[in-house]
Asks: 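Handing you a structure now.
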Amino acid sequence: MVNQASTIQALGGHSPMPSPQTGRHCSQNRPKDESAAPADPGSDIITDVVGNFGIWQLRTILIIFLCKIPAAWFMACIIFTAPQLYPRTEYICDTSYLNSSSSSNYNVSDDQCYVLDESSGSRSECAQFNYVSSFDSLIMQFNLVCLRDIFIAWTQYWHLFGVLIGGITATKMMLAISPRSTYCVGAIAQIVCGVITGYATDFSLHCAFRCLSAVCCAIMFTAGQTIFADITAGMHRIGAIILYDTFWSIGVIMLPTLASFFNSWSLIYVGITFPTIMLIVLLYWTPDSPRWLLRHAADSHAIDNVEQIVRQGVDINDRCYKIPPNFRQQLEELSEKLKTAPHAHWPQLWHGKRAKTHMVAAHLSLAFYVINFMGMLLNIRSFGRDYLVPNTIAMGFSEIIGCFLALHFTLKHNKWKWQYAGTFNILAGMLGCMGWLFTGADSMDAALKVSLWMIIATIPKAAVSCAQSMLLACMNELVPPHQKQLFVFSVVTWARVWLLSAPFFNVLKRIDTALSLTSYSVFSILGGICTCLLLTPRFSTVPVVPQLESEQQQDRKSQSPLNAAIWTIESDVHNTRL
């Protein structure tokens with residue numbers, strides 16, 4: 001990986017995989033459409049000619065969104081690679097390792113976890129088991145039954161640690177390597193690491209390569225988001241980032257079907273790894289980040305590469321008439337502007353109106369949400385093995401509903417979107433705490449009890465999905481443009497550090513199923529309270545000049561505070577890099 005990165009850097013940061021040529025070119029510039037809407041004040045030449053959104057952007061977005069599916073598979077596969085085993089029917093304690101001359105001297109507990117020596121009255125943990133199951137699970141491979149099931153959470157911890165390291169690694173890689181090349185490196189490495197993870201016979205080696213697989217997944221979806229956030233603009237960019245997680249949810253929904261084709265945990269890992277090959281093939285139709293290339297342009301050849309990418313997008317979007325005669329000159333000017341753009345420092349994030357409130361509230365709320373988002377999905381294991389498939393699918397659909405709710409709040413209630421999302425989480429969290437009402441109802445039908453648990457779990461899951469996707473897409477509105485990238489990086493990295501605790505809250509199910517569910521519901525409430533403290537700053541950009549009475553009447557709507565410009569429409573396309 002280091003050698004490849006060095007090679008790419010020596011080539012001036014260009015992608016090693018060339019973009020396809022459409023075979024069509026803008027032969028003549030048609031007259032400019034005077035009736036077209038004016039460009040946003042923060043737009044640049046790339047946005048002006050390509051547009052905020054079109055067929056070219058849609059194709060790229062759909063291709064990049066696909067990388068979220070294997071990322072979801074690698075995160076949630078533990079649900080099906082390590083299903084719960086039933087004592088006495090699927091595993092029994094094998095006392096032969098005790099080397100006793102009379103096996104009658106030993107009794108095994110009902111849960112097959114302890115061995116009682118009748119002669120001495122001492123009790124010890126069972127160290128050897130015999131398994132009887134048609135599915136070769138991770139638990140059987142590494143003897144993760146009884147008290148050792150804490151190591152299931154330990155493997156998940158290493159996956160989440162990989163997500164943390166992967167986000168940081170991708171951000172640092174893109175200082176020297178283009179996003180498209182970074183995406184390609186992550187995809188190739190993920191195939192290698194995924195296969196080794198499935199066939200590792202040592203538990204420590206398995207955890208290590210599960211961590212590396214997560215690093216590769218995080219590199220892919222971080223670099224991919226940088227690409228589509230660069231080529232889209234305005235509300236289309238915000239909508240794309242909000243809906244990015246819907247393909248994660250589609251992956252969660254598809255996982256039970258994929259797992260049903262295999263009878264071994266190793267084969268499941270192979271099954272979720274090799275579809276990434278298709279993502280590498282689709283890179284042929286995926287452009288690189290044009291502004292990244294301009295920012296790192298070292299010679300005229302780099303500008304030529306960007307011009308080729310942009311002209312391809314203009315051609316596909318049928319906007320050839322938007323290309324000005326001095327297009328090349330404007331690209332060179334934009335390159336110089338990007339190279340001299342100011343950079344913020346972390347202490348500066350604390351200065352400004354409501355800056356301290358936004359810093360604390362954003363960091364805490366996203367931390368609560370990501371713990372809840374990951375942990376609640378894995379917590380469905382506590383509802384019983386017989387209900388894993390419908391419960392997993394229900395969780396996936398609730399996440400999709402939450403993403404579209406976030407999109408609705410952002411588009412229709414933009415001024416108070418934070419308060420809508422926060423209130424939704426507070427109410428949903430209160431509902432999730434009601435699991436204690438029927439946790440002790442032993443006479444209740446088991447299927448009915450699980451259904452009630454899932455109802456009060458899916459609603460907080462939808463609320464968390466709503467607020468999390470909104471935060472990831474819109475939290476850069478809370479700071480000035482030059483602070484956006486650093487602010488988002490700080491908030492996301494902080495949240496992923498706390499995400500490492502998510503698997504261990506599921507261990508609370510050993511005390512009571514409602515206890516683990518309640519812990520996540522409390523996180524929803526706390527996250528909702530922090531989200532309600534956020535408020536997107538607004539300022540008017542309309543100059544105050546004398547006007548005629550008729551002009552004042554005509555522009556009254558545009559001068560309203562409700563329609564004032566917000567920072568998100570400015571062209572700072574790298575504000576979503578994680």
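When reading the values below, keep in mind they use all heavy atoms of this one structure, side chains included, and skip hydrogens, waters and symmetry mates.
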Asks: Of all residues at least two apart in sequence or in a different chain, which pass the side-chain contact (heavy atoms from CB on, under 4.5 Å) check with Ser465?
Replies: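 In terms of side-chain contact (heavy atoms from CB on, under 4.5 Å), with neighbours along the sequence ignored, Ser465 is linked to Phe373, Glu399, Cys403.
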
Asks: Using side-chain contact (heavy atoms from CB on, under 4.5 Å), reason through Phe489 and Ile168 one step at a time and then give a plain yes or no.
Replies: CA-CA 8 Å; Phe489 179 81; Ile168 299 174; 4.3 Å; yes

Asks: Mind checking ring-ring contact (aromatic ring centres under 6.0 Å, His included) for Trp346 and listing every partner two or more places apart, or none if nothing turns up?
Replies: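 Scan of Trp346 (ring-ring contact (aromatic ring centres under 6.0 Å, His included), adjacent residues dropped) gives Trp350.
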
Asks: Find the distance between OH (Tyr369) and CG (Leu499) and round it off to the nearest 0.5 Å.
Replies: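 Taking OH in Tyr369 and CG in Leu499, the distance rounds to 15.5 Å.
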
Asks: When rounded to the nearest 0.5 angstrom, what is the spacing between CD1 in Ile380 and CG in Leu517?
Replies: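 So the CD1 of Ile380 and the CG of Leu517 are separated by 12.5 Å.
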
Asks: Which pairs pass salt bridge (Lys or Arg N to Asp or Glu O under 4.0 Å) with one or both residues in residues 242-257, sequence neighbours excluded?
Replies: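 Matches after skipping sequence neighbours: Lys68-Asp245.
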
Asks: Can you name the nearest heavy-atom pair linking Val115 to Thr95, along with the distance?
Replies: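 It is CG2-CG2, 4.3 Å.
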
Asks: If we only count heavy atoms from C-beta on, is the Met470 to Thr531 side-chain gap below 4.5 Å?
Replies: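 Not in contact.
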
Asks: Below 4.5 Å, heavy atoms only, C-beta onward: do Met395 and Met454 meet side chain to side chain?
Replies: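 Yes, side chains in contact.
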
Asks: How long is the span from the SG atom in Cys184 to the CD1 atom in Ile280, to the nearest 0.5 Å?
Replies: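 Going from the SG atom of Cys184 to the CD1 atom of Ile280 covers 6.0 Å.
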
Asks: For Thr357, which residues count as a side-chain contact (heavy atoms from CB on, under 4.5 Å) partner, sequence neighbours excluded?
Replies: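 Checked Thr357 against side-chain contact (heavy atoms from CB on, under 4.5 Å); matches are Arg354, Leu533.
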
Asks: Tell me which one of Tyr420, Phe424, Trp418 satisfies ring-ring contact (aromatic ring centres under 6.0 Å, His included) with His413.
Replies: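 The option that passes is Tyr420.
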
Asks: Holding to ring-ring contact (aromatic ring centres under 6.0 Å, His included), I want the full list of residues that pass it with Phe209, two or more places apart in sequence or in another chain.
Replies: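 Partners of Phe209 under the ring-ring contact (aromatic ring centres under 6.0 Å, His included) test: none.
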
Asks: If we only count heavy atoms from C-beta on, is the Ile219 to Thr169 side-chain gap below 4.5 Å?
Replies: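 Contact flag for Ile219/Thr169 side chains = yes.
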
Asks: Could you tell me which non-hydrogen atom of Phe523 sits nearest to which non-hydrogen atom of Asn372, and how far apart they are?
Replies: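 Closest approach of Phe523 to Asn372, heavy atoms only: CB-ND2, 4.1 Å.
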
Asks: Looking only at heavy atoms, what is the nearest atom pair of Thr182 and Ile177, with distance?
Replies: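 What the structure gives for the nearest pair is OG1-O, 3.5 Å.
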
Asks: Do Leu472 and Val492 pass the side-chain contact (heavy atoms from CB on, under 4.5 Å) test, and can you show the C-alpha distance, the side-chain angles, and the key distance before you say yes or no?
Replies: CA-CA 8 Å; Leu472 293 175; Val492 173; 4.0 Å; yes

Asks: Is it the case that the side chain of Arg210 and the backbone of Phe74 share a donor-acceptor pair, with hydrogens and angles ignored and the cut-off at 3.5 Å?
Replies: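 Checking the backbone N and O of Phe74 against the side chain of Arg210, a donor-acceptor pair under 3.5 Å is found.
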
Asks: Identify the two heavy atoms, one from Trp494 and one from Leu364, that lie closest to each other, and give their separation to 0.1 Å.
Replies: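 That would be NE1-N, 4.5 Å.
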
Asks: Would you say the side-chain atoms of His363 pair up with the backbone N or O of Met359, donor to acceptor, closer than 3.5 Å?
Replies: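 The answer is yes, because a donor-acceptor pair under 3.5 Å joins these two groups.
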
Asks: Strictly by salt bridge (Lys or Arg N to Asp or Glu O under 4.0 Å), give each pair with a member in residues 247-260 just once, sequence neighbours left out.
Replies: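 Residue pairs with at least one partner in residues 247-260: there are none.
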
Asks: Report yes if some heavy atom in the side chain of Leu164 is under 4.5 Å from a heavy atom in the side chain of Thr493; otherwise report no.
Replies: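 With C-beta onward as the side chain, the pair touches.
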
Asks: So do the side chains of Lys356 and Val360 get within less than 4.5 Å of each other, counting heavy atoms only?
Replies: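 Lys356 vs Val360: side chains apart.
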
Asks: Nearest heavy-atom pair of Leu378 and Gln156: which atoms, and what distance?
Replies: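 Taking Leu378 first and Gln156 second, the nearest heavy atoms are CD1-CG, 3.4 Å.
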
Asks: Are any non-hydrogen side-chain atoms of Met254 and Trp73 less than 4.5 angstrom apart?
Replies: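 Contact flag for Met254/Trp73 side chains = yes.
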
Asks: Measuring only between side-chain heavy atoms, which start at C-beta, is Lys461 closer than 4.5 Å to Leu377?
Replies: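 In short, these two side chains touch, coming nearer than 4.5 Å.
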
Asks: Are side-chain heavy atoms of Ile529 and Phe368 found at a separation under 4.5 Å?
Replies: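 When only atoms from C-beta onward are counted, Phe368 and Ile529 do not touch, as no gap falls below 4.5 Å.
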
Asks: Mind listing the closest non-hydrogen atom pair of Leu160 and Leu500 along with its distance?
Replies: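 For Leu160 versus Leu500, the nearest heavy atoms are C-CD2, 3.5 Å.
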
Asks: Counting N and O atoms only, with roles assigned by atom type, does the side chain of Ser490 sit under 3.5 Å from a partner on the main chain of Phe487, one being a donor and the other an acceptor?
Replies: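 Not at all, since once roles are kept as given, no pair shorter than 3.5 Å links the two residues.
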
Asks: Are side-chain N/O atoms of Ser137 and Tyr131 paired as donor and acceptor at under 3.5 Å?
Replies: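 Checked: Ser137/Tyr131 side chains show no N/O donor-acceptor pair below 3.5 Å.
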
Asks: Using a 3.5 Å distance criterion without hydrogens, assess whether the side chain of Asn130 forms a donor-acceptor pair with backbone atoms of Ile92.
Replies: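 Answer holds: no.
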
Asks: Between Phe228 and Tyr244, is the ring centroid distance below 6.0 Å?
Replies: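 Yes, ring centres under 6.0 Å apart.
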
Asks: Measuring from atom CD1 of Ile196 to atom CD1 of Ile191, what distance do you get when rounded to the nearest 0.5 angstrom?
Replies: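 If we round to the nearest 0.5 Å, Ile196:CD1 and Ile191:CD1 are 12.0 Å apart.
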
Asks: Checking Asn107 side chain against Leu116 main chain: does a donor-acceptor pair fall under 3.5 Å?
Replies: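 No; judged by distance alone, with no hydrogens or angles, the pair does not exist.
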
Asks: For Phe504, which residues count as a side-chain contact (heavy atoms from CB on, under 4.5 Å) partner, sequence neighbours excluded?
Replies: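 Here the qualifying residues are Ile150, Ala153, Trp154, Tyr157.
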
Asks: For Phe203, what residues pass the ring-ring contact (aromatic ring centres under 6.0 Å, His included) criterion, not counting sequence neighbours?
Replies: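 Here the qualifying residues are Phe142, Phe151.
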
Asks: What's the spacing between Leu366 CG and Leu471 CG if we round to 0.5 Å?
Replies: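 Here the interatomic distance stands at 5.5 Å.
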
Asks: Give a yes or no answer on whether the side chain of Ser266 reaches the backbone of Gly198 with a donor-acceptor pair at less than 3.5 Å.
Replies: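 Yes.
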
Asks: Name all pairs fulfilling the side-chain hydrogen bond (donor to acceptor under 3.5 Å, both in side chains) condition that reach into residues 380-395, sequence neighbours left out, sorted by first residue then second.
Replies: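 Sorted pair list: Glu90-Arg385, Asn379-Ser382.
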
Asks: Would you list the pairs meeting side-chain hydrogen bond (donor to acceptor under 3.5 Å, both in side chains) in which at least one residue belongs to residues 188-204, sequence neighbours left out?
Replies: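 Pairs touching residues 188-204 that pass the test: Gln190-Thr276, Thr197-Ser213.
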
Asks: Quick test of your reading: applying salt bridge (Lys or Arg N to Asp or Glu O under 4.0 Å), list the pairs with at least one residue in residues 161-171, sequence neighbours left out, ordered by first then second residue.
Replies: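 Found none.
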
Asks: Can Ile268 and Phe261 be said to form a side-chain contact (heavy atoms from CB on, under 4.5 Å), step by step?
Replies: CA-CA 8 Å; Ile268 290 180; Phe261 288 104; over 6 Å; no

Asks: Shorter than 2.5 angstrom, is that how the SG atoms of Cys93 and Cys126 come out?
Replies: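 Yes; the two sulfurs sit under 2.5 Å apart.
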
Asks: Please check if atom CZ in Arg88 has more than 12 non-hydrogen atoms from other residues, nucleotides or ligands closer than 6.0 Å.
Replies: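 No - once you tally the heavy atoms of other residues, nucleotides and ligands closer than 6.0 Å, there are 12 at most.
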
Asks: Please check: side-chain N/O of Arg180 versus main-chain N/O of Thr286, any donor-acceptor pairing under 3.5 Å?
Replies: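 Checking the backbone N and O of Thr286 against the side chain of Arg180, a donor-acceptor pair under 3.5 Å is found.
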
Asks: State the CE-CG distance between Met140 and Leu85, to the nearest 0.5 angstrom.
Replies: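 If we round to the nearest 0.5 Å, Met140:CE and Leu85:CG are 7.0 Å apart.
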
Asks: Tell me, please, which residues at least two apart from Cys146 pass disulfide bond (SG atoms under 2.5 Å apart).
Replies: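 Testing Cys146 for disulfide bond (SG atoms under 2.5 Å apart), a comparison that skips the adjacent residues, returns Cys113.
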
